Amino acid sequence: MHRTPSPRGPLLPPPNHGTVASTAAVAFPFRTARLSVIRRPTLICTGKIVLVTCLLALTYRYLTGGCNSTETTPNNPSSEPSPKASQSQSDMASSEYVTQSMAAKDPKHDPFFDLIMDDDLAKNQWPKQLTSHQEEGKKGKDVSLMGKVMTPELFNKLKDIKTKTAGWTIARAMNTGTCYQSSFVGCHAGDPESYEIFKELFHPVIEKYHVGYKLDGSMKHITDMDPDKLTVALKDEAKAKVFSSRIRVARNLNFFPLNPGGTVETRNQIADLMSKVFDSFKDSDTYSDLAGTFHRHTEMTPEETQELVDGHFLFRGKDKMQAASGYHRFWPKGRGIFLNKSKTFVVWVNEGDHLRIISMEQGGDIKSVFTRLSRAIKAMEEGVKKVTGRESVFASDPALGVITCCPSNLGTAMRGSVHIGVPTIASALGLAEIDKMARTINCQARGSSGEHSAIVDRVDISNWRRLGFTEYSLVQDLIRGANLLSALEDKFVSKEADASNVDQVLAQLMSDVTIAGK
Ligand code: ADP
Ligand code: MG
């Protein structure tokens, strides 16, 4: 079902960026009149000019119905850390954000879509909620990677810093893991520079997630999407169980903020730009097989949307943890899905990252899916360059690889998966146990409808690593994971294995080189 955007009153933060005409927007989406009014007092420092400027700023705040201090608002743009920020907290921030306690009292705030802040973080204060997660973590309960890294000392050191592009703050960055104890990563970037400016949080989180990768300057991420380098293949028994194969990569445009730090305007500008890029495939000699139709969420009927979700083509939105990062704000505006005619090339626009470029098809021909993906990424990059006239369009970094909103996707930003029917192990072991096994072979398992869903009729098995490995080697991880699940299913069906001897049987299966990759 389509969600009608809820009316947003004065509780919501003012947009970071104003609307600009479309060509200019593509060139400088962050430069706005509003931004310059807020920044002016910090730029001009003498006599009468200061007085006049302050009066202008106060008038502006009065007219826009804003709070007393923009400098300390977790999501307002500002170029420098503000030394005054902590003095003016108490009278502003909680009125800028919908907080968890406000949302608990008023059902019009939907935690599945709206940005709802931890009460303390909304005031730019250390969150008591996180202290209690950390205490429980000592007794064995879940704590996000963010929760494992963040301390009150680090919070106080970073709390008044804002990034230039999106005005991203540490309070916004850590909201998901603070509100949701079971969030695995627990923090998000609002723009590419967040990873540098808040590196004292992000770098340890990245090193904890991407085990073995070091951000001490000794490692560089390398990309290689050559399908001919694949040396392992799905076994016939595994292929027979595979419903469909899909590989996606995330990409973000380096001239917009990442979506958690973006606005409705930036989301719409990105969707408008993509519409032109998709149109360009129609006239292309090289990419005409990729031509198709762009469907915007605001133009689809609820039935059309649901049909695409049910067919595993379209994202659902409606995820509390993602909503807490700001992913789903302004839903459904600026969102869309592009499908080529055969529905084998799909692009999600503004789900979380700006783009999710997806290659998928029925059956288990993973090499074909990977080959198409490799072309599709090139087509998208060339298309954006052509439409914008820019030389570089996707955000990336030599050490972090492709830049994404969630640290888990950095690097290749790639997740290659098969949907595999393994009903016997699914009921004997369950998703959590299958996922645990998958992790030992650098894979992960998800439910039938993706992340945070349950197994209905199929398991989603995919590569787990993303950073510090080439794309083709991660596709090989996926292939090995699917072969392993298939072989284990066969052992359970033939009753050679059951829950009591599963570890032993797994060890035997792993001695097969095409599974273990030795
Ligand atoms: P991601 O964010 O990595 O793209 P999600 O777990 O959010 O993946 O799932 C997104 C959608 O893609 C879901 O509808 C899911 O069922 C679908 N999907 C994932 N893998 C496959 C696959 N191999 N075949 C078909 N659909 C898939
Ligand atoms: Mg997802």
Side-chain angles (χ1 to χ4, degrees), residues 112 176 183-185 188 209 234 238-239 241-252 259-260 305-323 325 327-328 335 337-339 342-370 372-373 376-377 402 404-422 431 435 438 443-466 471 474-475 477-479 481-482 485-486:
F112 284 96
T176 300
S183 161
F184 189 76
V185 176
H188 294 87
Y209 184 92
L234 270 189
K239 234 181 196 174
K241 297 182 186 71
V242 167
F243 292 94
S244 53
S245 308
R246 171 185 186 268
I247 312 179
R248 61 81 168 159
V249 293
R251 290 292 183 272
N252 286 285
N259 275 330
T305 308
Q306 194 55 46
E307 200 181 314
L308 288 171
V309 171
D310 293 344
H312 301 278
F313 293 106
L314 182 57
F315 49 97
R316 290 168 295 167
K318 202 175 181 353
D319 182 311
K320 278 185 180 182
M321 293 191 204
Q322 293 182 343
S325 77
Y327 268 32
H328 302 325
R335 273 69 171 191
I337 178 172
F338 171 84
L339 297 134
S342 56
K343 292 189 175 171
T344 53
F345 165 53
V346 179
V347 183
W348 293 354
V349 176
N350 290 329
E351 178 240 11
D353 292 300
H354 297 157
L355 303 174
R356 286 282 169 102
I357 304 172
I358 300 162
S359 169
M360 62 196 288
E361 64 187 51
Q362 297 300 307
D365 190 346
I366 296 177
K367 188 167 177 182
S368 146
V369 173
F370 188 43
R372 186 186 309 106
L373 179 76
I377 296 170
V402 166
T404 53
C405 314
C406 178
S408 67
N409 277 320
L410 292 165
T412 56
M414 191 189 97
R415 196 175 79 87
S417 62
V418 294
H419 272 176
I420 188 164
V422 284
L431 180 57
D435 183 50
C443 287
Q444 70 181 122
R446 294 183 177 184
S448 305
S449 299
E451 196 170 19
H452 308 143
S453 74
I455 299 177
V456 178
D457 57 345
R458 59 195 72 191
V459 171
D460 171 330
I461 175 105
S462 65
N463 63 292
W464 173 53
R465 305 184 294 188
R466 317 246 192 277
E471 287 81 354
L474 298 183
V475 171
D477 284 353
L478 152 68
I479 293 170
L485 289 201
S486 163

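These figures come from a predicted structure and were not determined experimentally. Note that ligands are numbered from 1 as they come in the structure, with each ligand's atoms numbered from 1 the same way. Values reported hereafter were calculated over all heavy atoms of this structure, with side chains retained and with hydrogens, waters and symmetry mates removed.
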> Ser462: what forms a side chain to side chain donor-acceptor pair (under 3.5 Å) with it, not counting sequence neighbours?
Replying inline: Arg415

> Does Ser245 have any side-chain contact (heavy atoms from CB on, under 4.5 Å) partners at least two apart in sequence or in another chain, and if so, which?
Replying inline: Val242, Ile366, Val369, Val418

Under 3.5 Å donor-acceptor pairs involving side-chain atoms of residues 342-350, not counting sequence neighbours:
{"residue": "Ser342", "atom": "OG", "partner": "Asn340", "partner atom": "ND2", "Å": "3.4"}
{"residue": "Ser342", "atom": "OG", "partner": "Thr344", "partner atom": "OG1", "Å": "2.9"}
{"residue": "Thr344", "atom": "OG1", "partner": "Asn340", "partner atom": "ND2", "Å": "3.2"}
{"residue": "Trp348", "atom": "NE1", "partner": "Phe313", "partner atom": "O", "Å": "2.7"}
{"residue": "Asn350", "atom": "OD1", "partner": "Asn259", "partner atom": "ND2", "Å": "2.9"}
{"residue": "Asn350", "atom": "ND2", "partner": "Arg267", "partner atom": "O", "Å": "3.0"}
{"residue": "Asn350", "atom": "ND2", "partner": "Gly334", "partner atom": "O", "Å": "2.9"}

>> For a quick check: using heavy atoms under 4.0 Å, what are the residues in contact with ligand 1, sorted by chain and number?
In response: Ser244, Ser245, Arg246, Arg248, His312, Trp348, Arg356, Met360, Arg415, Ser417, Val418, His419, Arg446, Ser448, Ser449, Gly450, Glu451, Asp460

> Which atoms form the tightest heavy-atom contact between Gly447 and Asp460, and what is the distance?
Replying inline: O-CB, 3.6 Å

>> Measuring from atom OG of Ser408 to atom CD of Gln444, what distance do you get when rounded to the nearest 0.5 angstrom?
In response: 8.5 Å

>> Taking Arg251's backbone N and O only, do any of them form a donor-acceptor pair with Asp353's side chain (distance below 3.5 Å, no angle check)?
In response: no

